[in-house]
Number of protein chains: 2
Amino acid sequence: MDTVKSKTSCTDYYSQKCEQILRDSGAKVTKPRLAVIKLLSTATDCLSPREILEEINLTSRKKSTQVIDQVSVYRILDAFLKLGLVHQVFPTGGYIACTHLNCKAGLHILIHCTECHNTEEIDIPGDIFSPLKWYIEQHKSFVPKNHLFQIDGTCMHCRKHDEIN
Amino acid sequence: MDTVKSKTSCTDYYSQKCEQILRDSGAKVTKPRLAVIKLLSTATDCLSPREILEEINLTSRKKSTQVIDQVSVYRILDAFLKLGLVHQVFPTGGYIACTHLNCKAGLHILIHCTECHNTEEIDIPGDIFSPLKWYIEQHKSFVPKNHLFQIDGTCMHCRKHDEIN
DNA sequence: TTAGCTGCAAAAAGTTTGCAGTTCC
DNA sequence: GGAACTGCAAACTTTTTGCAGCTAA
């Protein structure tokens, strides 16, 4: 990733990168798609299709602009998924897939507490992944595009809580 | 993992390990639960709740034993999830969570082709993960229990196919 | 201009809830 | 015996499909 200074410009960077990927692939850059990209690039958490719809339409209603349809959200996410723009996770331990902007995922890893379902995204030094990537390319002639590394366990807070009970 | 000789005894090993976790946690070991454990421990792929139901009841009908209910499958998977017995993945790139026996995940990694949705589980030498585990424990005081490492990309077969088009 | 995208309506599939009856410990 | 689990029925939510109209390139 290029060097980015502030949080605001970082968000802009993600949006523009996604827009570029859309254009390069021949897909159209429409208002609903831009709204989804904008939301995902500013979001700190991953979002369910329902949350995406509600967030976008909340903003739209405030600005009196056109709301979007739930069906479009599904279709947009499908398209983004095929382009590798987004990723899906299960932060709640349930059955609903939440979406994550993929270029934000870079060399991140999600740590997910199975007690409180708090999910945190942490940076990992790149050299930890290099051998893994190498291994997969060598042994499987498989070209890695995105990754989803999620570690489930217990966070400090919940361990303390367990000790009391 | 202990040393295991044949494929059959390996499956048995998984089943017994899961059963033990159930007992230790105070949960009851019932027939529907055992059926789910058995299925997951022999399955090569991860399975959706629907697939689990159908597989189990197919076997039950052949043997003229009691079939189980879809609702029970959901409740069993919920319970197993809370105990960390299973994991969930999105092998199809869709919205349906598929379940994976967790003790089988050990030091495996899923490689998932975004073109053909073929998912393969491969072994990775343990020493590639060690630094990662260490890093997380050190920096986050987070105790890893399970992990889900999924790498999306393009398999050799689909790359060849793309070149033709 | 037109291929691709969206919105609307409706159907299909998946998931949850409540409760009575059963099973395991 | 009692707590935990299951099955059944029904409600609820999520996801998909078809089609007509719109829009970015």
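Throughout, protein chains are lettered first and strands after them, A, B, ... in sequence-line order, and every chain is numbered starting at 1. All figures in this text were calculated on a predicted structure; none of them were measured in a lab.
- V71(B) and L34(B) fall into different hydrophobic clusters, where Ile, Leu, Val, Met, Phe, Trp and Tyr residues are linked whenever their side-chain heavy atoms come under 4.5 Å apart, directly or through other members.
- T30(B) has a side-chain polar atom (N or O) that falls below the 4.0 Å cut-off from OP1 or OP2 of dT6(D).
- Side chain of R23(B), nearest nucleotide from dT6(C), dC25(C), dG7(D): dC25(C).
- When rounded to the nearest whole Å, the span between CD1 of I52(B) and P of dT6(D) equals 13 Å.
- Taking atom CG on L22(A) and atom P on dC5(C), their separation rounds to 9 Å, with Å as the unit.
- Listed pair R33(A) / dT6(C) meets the phosphate criterion, a side-chain N or O lying under 4.0 Å from OP1 or OP2.
- One can place CD1 of I68(B) at 15 Å from C1' of dT23(C), the figure rounded to the nearest angstrom.
- For the pair D69(A) CG and dA20(D) P, the interatomic distance rounds to 17 Å; values are reported in whole Å.
- Counting all heavy atoms, side chain and backbone alike, E19(B) lies closest to I37(B) at N-CD1, 4.3 Å.
- Rounded to the nearest 0.5 angstrom, I56(B) CD1 and Q66(B) CD are separated by 12.5 Å.
- Between the CG atom of L77(A) and the P atom of dC5(C) there is a distance of 14 Å, given to the nearest Å.
- Distance, N57(A) CG to dC8(C) C1': 14 Å, rounded to whole Å.
- To the nearest 0.5 Å, atom CD1 of residue I76(B) and atom CD1 of residue I68(B) are 5.0 Å apart.
- Between dG14(C) and S48(B), no contact under 4.0 Å exists linking OP1 or OP2 to a side-chain N or O.
- Rounded to whole angstrom, the span from the CD1 atom of I76(B) across to the P atom of dT15(C) amounts to 15 Å.
- From L77(B), atom CG reaches atom CZ of R33(B) across 10.5 Å, with rounding to the nearest 0.5 Å.
- Each of V71(B) and S72(A) has a nearest nucleotide on DNA chain C; the 5'-most of these lies closest to S72(A).
- Among the heavy atoms of the strands, none lies under 4.0 Å from A79(A).
- You'll find a donor-acceptor pair under 3.5 Å spanning the side chain of R75(B) and the base of dG7(D), going by distance alone.
- Position along DNA chain C of the nearest nucleotide to K28(B) versus R50(B) favours R50(B) as the more 5'-ward residue.
- With rounding to whole Å, K31(B) atom NZ is found 12 Å from dT6(D) atom C1'.
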